[in-house]
Amino acid sequence: MRNEKMYQLRLQMGLSQRQVAEAVGISQSSYAMIEGGHRHPRKEVEKKLADFFGVTVDELFFGRDYHESQLEEVEEAKDAAMQGPGKDG
């Protein structure tokens, strides 16, 4: 199963697989295997890829999208604050 997060981030940055691979010091074929979900990288490569894309290792490889969930929580809190307590007339 393709690493959708990695794929989407790479596309958003307008980069080829080769460009990302070179930036983190791995071969294009290794990167393709990782992005395609056919191989899981070593810990040091996990970290390099996560740092390159500006996300956590969990976000990139384990589907835990902390940034988005935190943003959603902030938005929900903001909406609740704007509504204020129930109005009694």
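Small disclaimer: the values here were computed from a predicted structure and weren't measured.
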- Compare every heavy atom of V45 with every heavy atom of I34, then report the nearest pair and how far apart it is. CD1-CG1, 4.3 Å
- Query: Just how far is it from atom CE of M6 to atom CG of L11, taken to the nearest 0.5 Å?
  - Reply: 12.5 Å
- Contacts of E46 meeting salt bridge (Lys or Arg N to Asp or Glu O under 4.0 Å) (sequence neighbours excluded), chain-then-number -> none
- Can you sort out the partners of E22 under salt bridge (Lys or Arg N to Asp or Glu O under 4.0 Å), two or more places apart, ordered by chain and number? none
- Query: Could you give the distance from CZ (R2) to NE2 (H38), rounded to the nearest 0.5 Å?
  - Reply: 10.0 Å
- Task: List in chain and number order the residues that pass ring-ring contact (aromatic ring centres under 6.0 Å, His included) with H40, two or more places apart in sequence or in another chain; answer none if no residue qualifies.
- Result: F61, F62
- Message: The criterion is side chain to side chain donor-acceptor pair (under 3.5 Å); which residues satisfy it with E44, sequence neighbours excluded?
- Response: R42
- Message: Can a donor-acceptor pair be found, under 3.5 Å and without considering hydrogens, that links the side chain of Q8 to the backbone of K5?
- Response: no
- Hits for side chain to side chain contact (heavy atoms under 4.5 Å, CB included) against A32, two or more places apart or cross-chain, chain-then-number order -> Q17, Q28
- Task: Hydrophobic side-chain clustering at under 4.5 Å (ILVMFWY, transitive links): who's grouped with M33? Put none if nobody.
- Result: none
- Item | Summary of salt bridge (charged side-chain N to carboxylate O under 4.0 Å, His left out) pairs that have at least one residue in residues 25-34, sequence neighbours excluded | none
- Query: Same hydrophobic cluster for M13 and I26, using side-chain heavy-atom links shorter than 4.5 Å among ILVMFWY?
  - Reply: yes
- Does the side chain of L60 come within less than 4.5 Å of L9's, by heavy atoms? yes
- Message: If the condition is side chain to side chain donor-acceptor pair (under 3.5 Å), which residues does S27 pass it with, not counting sequence neighbours?
- Response: S29, S30
- Item | Student check: side-chain heavy atoms of V55 and L49 closer than 4.5 Å | no
- Message: Test: salt bridge (charged side-chain N to carboxylate O under 4.0 Å, His left out). Region: residues 7-20. Which pairs qualify, not counting sequence neighbours?
- Response: R10-E35
- Message: Among residues at least two apart in sequence or on other chains, which ones pass salt bridge (Lys or Arg N to Asp or Glu O under 4.0 Å) with K48?
- Response: none
